[in-house]
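Below is one structure, written out as C-alpha cells, with a few remarks after it.
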Amino acid sequence: MATMTLVQAIHDALALEMERDPRVVLLGEDIGKNGGVFRATEGLWARFGSDRVIDTPLAEAGIVGMAIGMSLSGLRPVAEIQFVDFIYPAFDQIVSELAKFRYRSAGQFTAPVVIRTPSGGGIKGGHYHSQSPEAYFIHTAGLKVVMPSTPADGKGLLAAAMRDPDPVIFLEPKALYRTAKGEVPEGDYTVPLGKARVVREGEDVSLITYGATVHVAEEAAAMAEEEGIHVEVIDLRTLWPLDVEAVVQSVEMTGRAVVLHEAPRTCGFGAELAALIQEKAFLHLKAPVARVTGFDTPFPYSLEKLYLPDALRVIGAIRATVNF
Amino acid sequence: MVFLRALDEKAQHLQRAGRIGFYIGAAGQEAAEIGSGFALRKGDWMFPSYREHGAALMHGYPLSSLVGQLFGNSADATKGRQMPNHWCDRSARVVSVSSPVATQLPQAVGVAYAAKLGGEKSAVIAYFGDGGSSTGEFHVAMNFAGVFKTPNVFFCSNNQYAISLPFAKQTAAGSIAVKAAAYGFQGVRVDGNDILAVVRVTRDALERARAGEGPTLVEALTYRMGAHSTSDDPTHYRSEEEVEAWRRKDPIRRFAAYLKKEGVLTDQAEAAVAEEAREEVQRAVAACEAAPPVPPESLVEDVYAEMPWHLKEQQEWIRIPVKG
Ligand SMILES: Cc1ncc(C[n+]2csc(CCOP(=O)(O)OP(=O)(O)O)c2C)c(N)n1
C-alpha cells in the first residue's frame with residue numbers, strides 16, 4: 001500500500017481506469033496541460049493525449065452535454081466541473097437530460113457519465129467556491145451521488161463510479177484534497193457504490209455523516225468518549241442510493257441519531273435522513289433525531305469558520321440527544 | 001494606470017504575507033481597464049467582472065471600499081460576504097460581482113432595457129473575458145441586446161487566456177468582435193494596450209448606446225502579465241518568452257514613452273506619480289486593515305428583507321454556539 005492524499009488517490013483512479021479501458025475520456029476546463037486547478041489530472045494529457053484528456057471551452061452546459069453524447073455512443077466520459085459552484089449552467093443538462101435518458105427511453109439509451117467536481121467549504125473560497133449542493137442531485141431521480149472522505153475511498157469509489165452503468169455525480173470534498181492522507185491499495189481497487197462504512201463503533205449515539213464532516217464527527221466522537229458517551233460514526237460514502245440498512249441497524253442499536261453535514265439545513269440531505277430514521281426505526285428512538293448543519297444563508301467568506309459545523313456544535317447535539 | 005499597478009503590487013504582497021486571502025491582478029491590462037472606465041459618464045451603469053477594479057475606481061467606486069473589501073472585515077461595505085475582487089457600490093452604479101463567469105451579461109441587458117424604457121440617457125457597460133465569450137450567457141445576452149436594441153456596451157478584455165486555456169481554445173473564430181455580426185450589431189476590435197485607442201472606441205460605443213443606436217461589442221486585445229489569480233501558477237501553461245514579448249508592449253511604459261516624446265511628461269514627474277500612488281495605496285491599506293472583524297450575528301442578515309423565523313432561530317445558535 002502507498003500513502004496518498006485524496007487528490008493523489010483520485011488521480012490514481014483516473015490513470016488506472018484510462019489504462020484499463022480505452023473508452024474512458026476526460027473533459028473539462030484546464031484539465032489538460034495545466035492538470036486541473038487542483039492537479040487531479042496532472043500528467044494525464046501528456047500520457048494519454050489530447051483526444052482523451054480534452055480541454056474544453058469555458059461552458060459547463062457544453063461539457064456535460066458533450067459528455068452525454070459521448071456516452072450515448074459507448075464512450076465512458078468523466079467530466080470535470082472546476083468547482084461545483086459552477087455546475088449550474090449545466091444543471092439543465094444534468095437534471096433534465098443526463099438523469100432521464102434511461103427512463104425516458106425505457107433503457108434503449110443510457111448515459112453513464114461521471115461528473116467529478118470539488119465541493120464544500122473550508123478553503124476560504126467564499127460563496128462561489130464553497131457550496132454543498134448534494135441535495136439538488138439526490139432529489140433528481142436517475143442520478144447516483146457519491147462523496148468520499150478518505151484517499152482509499154476516493155480511489156475505490158471513483159473507479160466504481162467509472163464502471164457503473166448509471167450517471168454518477170462524484171463530489172470531492174476539496175478541503176480534504178491535501179489534508180486527508182492515508183493508505184491506498186495499489187493497482188486495481190474498487191469500493192462498491194451504495195455501501196456505508198462504520199468509521200467507529202459505539203452503542204450510545206449514531207452519528208451519521210459524509211465527506212469532510214466525517215473528520216469533524218471523529219473529533220466529536222473522541223470528545224464524547226471522554227465524557228463516557230460511545231458514539232458510532234457512520235460515513236455514508238454513497239449518498240444516493242443510500243445504504244439505509246446500515247443507518248437503520250445502527251440507530252436500532254443506539255436508539256439515538258445525530259445527522260451531520262455542512263450543506264444548509266432546510267431541505268438538506270439531513271432532513272431526508274431524519275425522516276427515514278423516523279419512518280424505519282421510530283419505536284427504537286429514545287430522542288428526536290438531531291441535525292447539525294450549515295446555516296440557511298449563502299456561504300459566507302469571512303464567517304466561514306462559524307458557518308461550518310465544528311466538533312463543538314456536534315458534541316452539543318450529542319449531549320442534547322443523550323440527555324433528552 | 002500607475003495607480004492600478006501599485007494597488008496590484010500591494011495586494012499581491014498582502015496575499016503572499018497572508019494578510020488577505022486571495023487576489024486577482026490586472027497587470028498588463030491597465031489600458032483596457034482605465035481607458036474604458038475613463039470613457040464612462042456619471043449615471044452610466046457598470047457590470048464588472050472580478051478583474052475590473054481599475055475600471056470600477058474610474059467610475060467612482062471609492063478606494064477605501066475597494067481595499068476594505070479585500071480584507072473582508074468591518075471596513076468592507078459588503079460585510080465580508082464575498083471573496084476579494086467581488087466589489088459593488090450602488091451609488092456609483094457598479095453592480096455586485098459574481099464569480100460564475102459571464103452571468104452579468106444578460107443582467108446588463110435588463111438594466112439597459114430599463115434605462116431605455118425610462119427614457120434615461122445612460123449606457124450600460126459589461127465586462128467579461130475571452131473565456132466568458134464561450135458561455136451560454138454571452139450568446140443569450142448578445143442576442144437579446146440585438147433584438148431589443150438596448151444601450152449596451154459589451155467589453156471583452158481579451159487577455160489571451162482563460163486560466164490555462166489560450167484564446168484559440170475558446171473560439172475558432174479568431175476574433176471575439178466578429179461575433180457581433182451574427183447578432184445584428186457592430187463589433188470593434190481595439191488594441192487594448194493603447195489607452196487612447198481604448199478611450200476612443202469605448203466612448204464612441206457609449207455615445208451610440210446613449211443615442212439609441214443600440215449595442216456594441218468591443219474586444220480589447222491585451223495580455224494578462226501575471227497569474228490568473230494568487231492560486232494560479234502560469235509557468236504550467238505558458239512560456240517566459242511569450243510573457244517577455246508582451247512585457248515589451250506594457251501599456252504604462254508605452255503611454256509614458258508617448259507622453260515624454262510629446263514633452264508632457266518628465267522622468268521626475270513619472271517617478272513622483274509612482275511614489276504618490278504607492279503612498280495612497282499604503283494609507284488605504286493601513287486604514288482598512290485595522291478595522292475589527294465582521295460581527296458573527298451578521299451571518300444571517302440580508303438573506304431576506306425581513307428575517308424569517310428560521311434565521312432568527314439560527315441567529316440564536318450563534319449567540320449560544322454549542323446548541324447546534
Ligand atoms: C461558469 C464558470 N465556470 C468556471 C469558472 C472558473 N473560472 C474562474 S475564472 C476562469 C477563467 C475565465 O477566463 P476569462 O473569461 O477569459 O477571464 P479572465 O480571467 O481572463 O479575465 C474560470 C474557468 C467560473 N468562475 N465560472
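Proteins get letters first, then strands, A, B, ... in listed order; numbering begins at 1 in each. All values reported here derive from a predicted model rather than from experimental measurement.
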Roughly how far, to the nearest 0.5 Å, is the [atom2] atom of [Y] from the [atom1] atom of [X]?
{"X": "A/Asn34", "Y": "B/Thr235", "atom1": "CG", "atom2": "OG1", "value": "9.0 Å"}
{"X": "A/Leu306", "Y": "B/Trp317", "atom1": "CG", "atom2": "CH2", "value": "12.0 Å"}
{"X": "A/His129", "Y": "B/Met83", "atom1": "NE2", "atom2": "CE", "value": "5.0 Å"}
{"X": "B/Ser134", "Y": "A/Ile63", "atom1": "OG", "atom2": "CD1", "value": "10.0 Å"}
{"X": "A/Asp296", "Y": "B/Leu299", "atom1": "CG", "atom2": "CG", "value": "10.5 Å"}

Heavy-atom side-chain proximity of [X] to [Y] below 4.5 angstrom:
{"X": "B/Ser98", "Y": "A/Tyr128", "value": "yes"}
{"X": "B/Ser99", "Y": "A/Phe83", "value": "no"}
{"X": "A/Pro298", "Y": "B/Arg81", "value": "no"}
{"X": "A/Gln82", "Y": "B/Ile163", "value": "yes"}
{"X": "B/Gln314", "Y": "A/Arg265", "value": "yes"}

In terms of heavy-atom proximity below 4.5 Å to chain B, should [X] be classed as side chain, backbone, both, or neither?
{"X": "A/Glu304", "result": "neither"}
{"X": "A/Phe295", "result": "both"}
{"X": "A/Phe299", "result": "backbone"}

Could you check whether atom [atom1] of [X] has more than 12 heavy atoms from other residues, nucleotides or ligands sitting under 6.0 Å from it?
{"X": "B/His236", "atom1": "NE2", "value": "yes"}
{"X": "A/Lys305", "atom1": "NZ", "value": "no"}
{"X": "A/Tyr88", "atom1": "OH", "value": "yes"}

- Task: Using a cut-off of under 4.5 Å on heavy-atom pairs, state which of A/Thr297, A/Asp30, A/Val258, A/Asp55 scores highest against chain B.
- Result: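 Max contact count across the listed options: A/Asp30.
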- For B/Pro295, is it the side chain, the backbone, both, or neither that has a heavy atom closer than 4.5 Å to a heavy atom of chain A?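 It is the backbone, since no side chain atom gets that close.
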- Query: Which atoms of B/Val303 come close to chain A, meaning under 4.5 Å heavy atom to heavy atom: side chain ones, backbone ones, both, or neither?
  - Reply: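 For B/Val303, side-chain heavy atoms alone lie under 4.5 Å from chain A.
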- Counting distance only, does the side-chain N/O of B/Gln170 pair as donor-acceptor with the main-chain N or O of A/Leu58 below 3.5 Å?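 Flag set: sc B/Gln170 to bb A/Leu58 pair under 3.5 Å.
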- Using a heavy-atom cutoff of under 4.5 Å, enumerate the residues of residues 35-53 of chain A that contact chain B, numbered in order, or state 'none'.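 Result: A/Val37, A/Arg39, A/Glu42.
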- Any idea which heavy atoms bring B/Ser298 and A/Leu303 closest together, and the distance?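 In this case the closest contact between B/Ser298 and A/Leu303 is OG-CD1, 3.8 Å.
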- Task: Find the one option among B/Val300, B/Leu311, B/Leu165 whose heavy-atom pairs under 4.5 Å with chain A are most numerous.
- Result: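 Heavy-atom pair counts peak at B/Leu165.
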- Item | Per-residue contacts, residues 70-80 of chain B versus chain A, heavy atoms under 4.5 Å |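 Residues B/Gly72, B/Gly80 are the ones that qualify, each having a heavy atom under 4.5 Å from chain A.
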